[in-house]
Structure formats: C-alpha cells, structure tokens
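In the text below, chain A, chain B and the rest are named by the order of the sequence lines, each starting its count at 1. Atom set for the values below is all heavy atoms of this structure, side chains included, hydrogens, waters and symmetry mates excluded.
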There are 2 protein chains.
Amino acid sequence: MATLTDVTESATSRGEQTRELILSTALRLFREQGYGRTTMRAIATEAGVSVGNAYYYYSSKEHLMQAYYDHLQEQHRDAVAPILSTEKAFVPRLTGVLRTWLEVSAPYHEFAGTFFKTAAEPTSPLSPFSDESRPARDASVKIFRQVVDGSDLKLPADLEAELPELLWLMHMGIVLFWVHDKSADVRRTKALIDRSVPLVDRLLRLTRVPGVRGVANDVVGLIRSIKP
Amino acid sequence: MATLTDVTESATSRGEQTRELILSTALRLFREQGYGRTTMRAIATEAGVSVGNAYYYYSSKEHLMQAYYDHLQEQHRDAVAPILSTEKAFVPRLTGVLRTWLEVSAPYHEFAGTFFKTAAEPTSPLSPFSDESRPARDASVKIFRQVVDGSDLKLPADLEAELPELLWLMHMGIVLFWVHDKSADVRRTKALIDRSVPLVDRLLRLTRVPGVRGVANDVVGLIRSIKP
DNA sequence: TCGGAGTTTTGAACATGTTCAAGTAGTCGG
DNA sequence: CCGACTACTTGAACATGTTCAAAACTCCGA
C-alpha cells in the first residue's frame, strides 16, 4: 500500500485519498480474481464508493490498468538501480534488467494477458506506441540506455544511439513471450532471456567484422527511416 | 460473396446458408462501420435473423472475426500463388508475399486494430499462438516455406528448417507495424518491407562467413529450445 | 453566518455482448 | 400419416462497462 501512496506527491486536493483507495482496491482485485472477472461494481463496493465515483477518477476500466502499468514501471526502475550501479559487463546488466522485470511483474502474470490485449490496440491510449504512454515508454527506454552507457560495450556511435530503443523492442518481444508462457515458474521465459542476451552480446561485438558492419549500418538506417 | 461461399464445401446441412449470410453481413458491417460500432443486434437485423440465431452459428463476436481471419488467409494464399510459381529470387519472392498481404488486407486496415487487439490475448482462441488458430498459422507458415524452398537461397540445413517460422514471425512484426501505421497508403509499412527484406537476404547469406555461422547456429539453437 | 462556486458523490438508466428456456420445422423409421 | 428426434430459431432476460443529472459536500468571501 505504501508503495502506492508514495507514487503521487502528497495529497493535493480532497479526492486524492479516494483516488488511491480505488486504485489499490482495483489492483488487488485484478490480482486476486483476474481483470476480466473483476467488475467495476465490485471495485466500487470493495472500496466503499459508488460506481460513478470510480469513474470520476478513472474514466474507464482501462485507465485503471494504465495506472497499474505506471506503477509497475516505477517498481522496475527502482529495483533495477542497484544492478546498474554495480554491474559493469553488458550481459549481466541486460540479463539483470530483464529478469528483474519478470520478478516485479510476477504477481500480475495471470491478468497481464488482458493488459497486453488492450495495449495491442493502436487506438488505445494504453498502446506502448501511443503518445499517451510516451512518458512510460521513455522511462523504460532510459533504463536500457543506462544498460548500454554504463557497460563495457564498444560500438559505432550510430548503432549505440539506436541500441536502447532496440533493446526496449527486444524487451517487448520477451514480454509478449512471457504473457503466453504457461510453463512452471515461467521457466521458458527465463531460458529465453538467459540464452538470447549473450547472443545479442555476440552479435553486437560482431559489428567490428567488416562484412557485418555493412549490414549493421543498414539496420540502423532502416530503423531511422521508419521512425515516425 | 462467391469467395465466401466457395470456402466451405457445398451446403451440408440446412443452416449453412444462414451461417454464411450471417458471416458476410458481419464482415460487411465490420468494414463499413468498424468492429466496435457494429453490434450483434445490427448484424442479426441486417441478416434478417434473430440475435440468438447468430450465436447459434458463431459462439461470440470474436468468432466472427476468426472467420474473417480465415477468409483473409485464403485470399492471401490464392493471391500469392502466381508470384511463387514465377519468381525465383528470394528477395522478390518474400517482398511479393508480404506486399500481397498488405493488398489483401487493405480494406480491413481500419478495423484490423481491434482484431489484433483480441488476438494479442493469450487466452483468446484468436491468438496467433493458440491451438485453435494452429491451422491458419500452419497455412501461413507453409507459404513462407514455399518462399524459401522455391528460392535461390543456399543455407545450412538446420537454419533452412527454422527459417519459415522465423519469416512468419517477421511477418507478424510487420503486421503489428501496419496496424499502427497511419501514413497515407501505408507508405511506411511498404518502406519497411522494401528495406527489411533485402537486409534479411544479406543477413542470411552472411551465415557463410565463419564468425557469423556460430551466431547463426546459436540462434537456431535458441529457437529450438524455446519451442513448446 | 450565509450564499454560492467549485468539487465530489450518488445511483438509476443505458448500451451491448451473451445466455437460455421455449418454440418451430424438417426428417426419418414405422 | 404419426411420433419423435434432431436441427434450427426466437426474443426476453442477464451481466457489466459506461453515462449523467441531480444531490451532497467543502470552502471562501461578504
């Protein structure tokens, strides 16, 4: 609960407490019964407010999820800090960041599917590509920029500039895999991380090989050309 | 209409006509007003049946979309045949297949977002990774297998075996990009295809370079290890 | 203290996907 | 032709996200 109230600066107007009460109740119910089975009526009742009041603070059920996403984001950023400040090698840095995300998100694995469902819709404000979630996305990319900058990697400047976003994309891919991962203790996702990170490392270092550098340049050019 | 009725073998039982009437009405309304704004009541009314009857044939609104997806699949397979039988070089083969998908799907671009939204949910039968959509997925992968097999590519056997699925994955990525592409005439998606295909081609041919082959082998190993 | 402006709260009403018990119609063995 | 079995059809009822007009509350200046 404390983590939730910490998030916003101390109550600015009357309703802040109600807002947070609704949010924490919603997150709890989402976790306990899944997103689909949690009704707005249930959230309102459990929080001791009316349905209309819940809508006064969160204009839709999806927006409650958006709030969850921001919450997750902050937890991840905090949990990752010690790794980034101690570890210097690229592989453990990236592995650590990705596995930490797994840990932070674990309680929500079951209902995460529904989250990414709505996130996949381009018109949804929850889409990871939407303007509305730019702050969260930028914050996430920033983490990967730290992964790159603080590491022992030596890369061509242009590739290094694009790399954080590419790693964020990789992260999104892993999240997609995780959402579908039904193995015990998400073993398969963990395996994916542990095996793909060293591979990325090798690939990146390969960019020094003459024949490969050309392709790498093309990749960078492609990325740049399709950016909005 | 013809394409729709062709799909299933000639009427096996009484209700087949009704089934197809409902489907074609639904697809038309989806196209005309978008998925979200098309109500089941509207579909039923327009098709001249009751709401309950629509549910007798399609157990949910999502299943109507599943039917649309199958329909699209078949159109793509047919439209792609001439390319696969004439073109021999890998780059134009793959480019042709991907751009043809764009053409076939163009009328549905607007409401495709909603489609892929539900498709992204792992528990949905519409998920491209679900058992229920395995037939459609296999059919799609098969197209990419033809792209590889009929081309001038010379690759290590294990990589060649995995390549069709990898290309299908690439296709999914492009679809995701397309869904979010708001540029006129989906120019950006077309650019993505035209630039990324030659890049893939170069990457694949690079696997002959000694230093690269090791990485390629690891990629193949990784793919295999995470398959369910 | 009073009145009003802004903020918060309420719950009934609405829209729409979905279910279901009941009805209808075609079909087949006798 | 009859009865019954299956296939099909119906529409009212239900569940739940969302809206909204009205009420309640808070705060502040006169």
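- Here dA12(D) presents its P atom at 17 Å from OH of Y55(B), a figure rounded to the nearest Å.
- Taking atom CD of residue E16(A) and atom C1' of nucleotide dT9(C), one finds them 16 Å apart after rounding to whole Å.
- For dT9(D), one of the phosphate oxygens OP1 or OP2 lies less than 4.0 angstrom from a side-chain nitrogen or oxygen of Y57(B).
- In terms of heavy-atom proximity, I43(B) sits nearest to F30(B) at CD1-CE2, 4.2 Å.
- Taking atom CZ on R37(A) and atom P on dA15(D), their separation rounds to 17 Å, with Å as the unit.
- Within residues 38-51 of chain B, the residues that place at least one heavy atom under 4.0 Å from DNA chain D are, in residue-number order, R41(B), V49(B), S50(B).
- Going from atom OH of Y58(A) over to atom P of dT8(C) covers 13 Å, rounded to whole Å.
- In this structure, CG of L64(B) is placed 12 Å from C1' of dG17(C), rounded to the nearest angstrom.
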Only distances under 3.5 Å count here; give the side-chain donor-acceptor pairs of residues 97-108 of chain B to other protein atoms, sequence neighbours excluded, each with its distance to 0.1 Å.
unit_1, atom_1, unit_2, atom_2, d
R99(B), NH1, D194(B), OD1, 3.1
R99(B), NH1, D194(B), OD2, 2.6
T100(B), OG1, G96(B), O, 2.6
S105(B), OG, W101(B), O, 2.9

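- Salt bridge annotation for D181(B)-R187(B): absent, with no cationic side-chain nitrogen under 4.0 angstrom from a carboxylate oxygen.
- The distance from atom NE2 of H63(B) to atom P of dG17(C) is 16 Å, rounded to the nearest whole Å.
- Listed by first then second residue, pairs satisfying side chain to side chain donor-acceptor pair (under 3.5 Å) with a partner in residues 161-174 of chain B read E162(B)-R224(B), E162(B)-K227(B), E165(B)-K227(B), not counting sequence neighbours.
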**Q.** Pair E46(B)-R28(B), side chain to side chain contact (heavy atoms under 4.5 Å, CB included): steps then yes or no
**A.** CA-CA 10 Å; E46(B) 285 269 317; R28(B) 178 169 60 78; 2.7 Å; yes
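- Nucleotide dT19(D) holds its P atom 15 Å from the NZ atom of K61(A), rounded to whole Å.
- Side-chain nitrogen and oxygen atoms of S59(A) include none within less than 4.0 Å of the OP1 or OP2 phosphate oxygen of dT18(D).
- Which of dT10(D), dT18(D), dT9(C) sits closest to the side chain of N53(B) comes down to dT10(D).
- Once rounded to the nearest 0.5 Å, the distance linking OG1 of T18(B) with OH of Y57(B) reads 4.5 Å.
- Counting to the nearest Å, the P atom of dT8(C) and the CD atom of Q17(A) are 12 Å from each other.
- A residue-by-residue look at G52(A) and Y56(A) shows that Y56(A) has its nearest nucleotide of DNA chain C further toward the 5' end.
- Counting only distance, with no hydrogens or angles, the side chain of R93(A) and the backbone of V147(A) share a donor-acceptor pair below 3.5 Å.
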